[in-house]
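Take a look at the structure below.
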Amino acid sequence: MLSLTLSESELGKLFPFHLRLRADLSVIGTGPSLRRMFPALAADDHLFDHFQPADSRSGIRLGELVANADMLTLRDRGGAATLGGQVIARGDEFFLALNLLDVPGQPDIQSLQISDFVACDPAVSRLLLGPVHDALVAESLSVSRELGMERARVIDIMNRTGRLAGFLGHDFANFLSIIDLNARLLERGAPLDERQKRCVEAIIETASRGAVLTRQLMHLSGAKEETGLAISPDRVIKEHEALFQLVIGPQNPLSLELSAPSAVIVASEAGFVASMVNLLVNARDATAGHGGIRISTSHGRDVEALIISVRDWGSGMAENVRLRAFEPFFSTKAAGNGLGLPAVRAFVEGLKGNISIATAENIGTTVEMAIPLRLPDGAYTSGVTTQKSAATQSVLVVEDEEFALEGVVDLLSATGFTAIGVLSGEDAVERLRRSNFDVLLTDVVLGGMTGIDLARMAQAEQPGIRVIFMSGFAPDPQMIADDCPYLQKPIKPNQLIDLVGNAARTSV
Amino acid sequence: MYGMIHRALQAMVVEEFGPEAWDAVSMAAKVGPAELVSAVVYPDEVTLRIIQASAFRSGRAEEEFLRRFGAFWVRFAEQCPYGDIMDFTGRDIRTFIGNLDRMHFAVVDLMPGAKVPSFALTEDTRDQLRVRYRSPRTGLEAMVLGLLEGLLDRFGIEGEVTAVAGINEGAEFLINLAVEGSEC
């Protein structure tokens, strides 16, 4: 037998609803929770003044049952609660170690206290579950809202930053155009001494680097890449020779055999450069960084197309690899993602061209792209330009930035075109009513009417006129008809001259 | 610590200094709405970053900030949906402090993972209570002092809380009660 002496407080913690009774069932003492729940229960009261048996077994001669039974269930006469527990008889006293079993209605923590339960009673967790659950549900709604607002705020900041970048890029592109055009005019003008030539070269070079930054800003703004742009692959390849050399590595000789200097295709320059980079990366990996890579261009023999090929003398491909080379996600490289060649094919086929691979193991690989040459009006050409007198080619230039207008007009005039410049769409309409022009070269964003609206009016007024758009932004392709090429600023003078020349030759 | 602590920190910063202040705090502490889920247990360094950033924003020393936060925490817990749990824990200061460990035990049972402190009334006289505080964490004694002050406010008791010398893994606090007219 174990003997243990506990204080009232300790007894109260262990058995918060306990009852100590005399042999006659009168109350000696109660637990703290019993006192709190039944304040009318007082010492010397009889048990049955306040409680009754909760079941028939407990009801059978309760006195005897209390003396002999282990378990007892009581319900208070006010209907507030059901208590149950064990009976311990000691001498002429009974100790009822009762627990709260049930509270009628919905028992909740507002009517109870945690000390109504013994330590670690799982009933406590059950009681807390309701409020905790309700609180978490309410909070989850609040957190969802906060997360949504946070996301919207971040998106808004990014959009505004992007828009700002776009506007800055647009304006910067305009300024670079002016700087570049005027520098080139200086270059073409009166003879320059060596120092002056260096200055002009520095201006042109810096403007070109600024153009790269501008394009990055435009990309940040989410502006689409230029579309509908007539580019000379030979010139683009030459301009990016340093980049291509960097891609294949300094130990890998890069040779260029460019035989189509006047061939023009209508494509995104960024897409073309990206495709070339993809092909060069593959060639580099096949050559393990040395062995040499050649880029060549030539006119197609059977179709009027430009052939652009990338040749390496590397490991080549097995036939089963060649057959799967354009399959998305297929790669023989450990770190390859298998997306490069499929992207190049998509680019070429988007231009109505085709791409092929000739390869042999340990011999090397040639990837050949055949891209149809196109004029702005969609007709094919051999790519050889006819020599038409520039003096008969008249161009109406519309640009609301005065220095930019001057630069373009001066450049075209110096090249031999008859170029007239106006600062607004409204002035252009006036001119179109008075004189015929071969080409309308207009900024898209003007002060009053837009370049798009001007183009429509011009074509209505002079159906044979060719239209070329220019802007710092890339427009939605649906806004521009197929036969209206688009120049993205900063304008490259040679691109401008080629486009205007081609357009003027095909005007009616 | 539970995200509920983070929510309380946010509420205090917003109440005292406005929502922009909280934006600054959350940026400095590198936290966002994902760190404010009450039932989630976050690494202590996250809570510490928020406390440090909030203290800095408030222009107060960290200890002073923690003390004010301890008192604020009691008000915060009362008003939020967990307020019923406060009453369930105890409707007088002695019962409340005496039942804190039980309440923490039950909460951890429902939302496991947290390391919770322990409180015990080691001395209980008419005009003085001695509270033993133990925690696996160090450095939060100032918050506990504020929390006990907050409990005095909650139960409408005039009194003063002082920290006595720290003991291993915790501290002891004396609550001197103004006996006349107080209902403890």
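The chains referred to below are lettered A, B, ... by the order of the sequence lines, with proteins before strands, and numbering in each begins at 1. Just the heavy atoms: all of them, side chains too, but no hydrogens, waters or symmetry mates, feed the values below.
At a 4.5 Å heavy-atom cutoff, the contact between B:Met111 and chain A is made by side-chain atoms alone. Of the atoms belonging to B:Leu36, heavy atoms from both backbone and side chain fall under 4.5 Å from chain A.
Between B:Ile85 and A:Val132 there is a side-chain heavy-atom pair separated by less than 4.5 Å. For the pair A:Ser142/B:Arg7, a side-chain contact is recorded, criterion being any heavy-atom separation below 4.5 Å from C-beta on. Contact of the A:Val124 side chain with the B:Phe105 side chain is not registered, since no non-hydrogen atoms from C-beta on lie closer than 4.5 Å.
Counting non-hydrogen atoms of other residues, nucleotides and ligands closer than 6.0 Å to CZ of B:Phe56 gives a total of 12 or fewer.
Atoms OG and CZ, on A:Ser115 and B:Phe88 in that order, are 8.5 Å from each other to the nearest 0.5 Å.
Per-residue heavy-atom pair counts under 4.5 Å with chain B were compared for A:Ala138, A:Pro32, A:Ser125, and the maximum is reached by A:Ser125. By number of non-hydrogen pairs under 4.5 angstrom with chain B, the leading residue of A:Asp134, A:Leu136, A:Asp116 is A:Leu136. The greatest number of non-hydrogen atom pairs below 4.5 Å with chain A, out of B:Gly98, B:Ser38, B:Ala39, is found for B:Ser38.
Across all non-hydrogen atoms, the minimal contact from B:Arg91 to A:Leu112 is NH1-O, 3.4 Å.
In this structure a side-chain-to-backbone donor-acceptor pair under 3.5 Å is present from B:Arg102 to A:Phe117.
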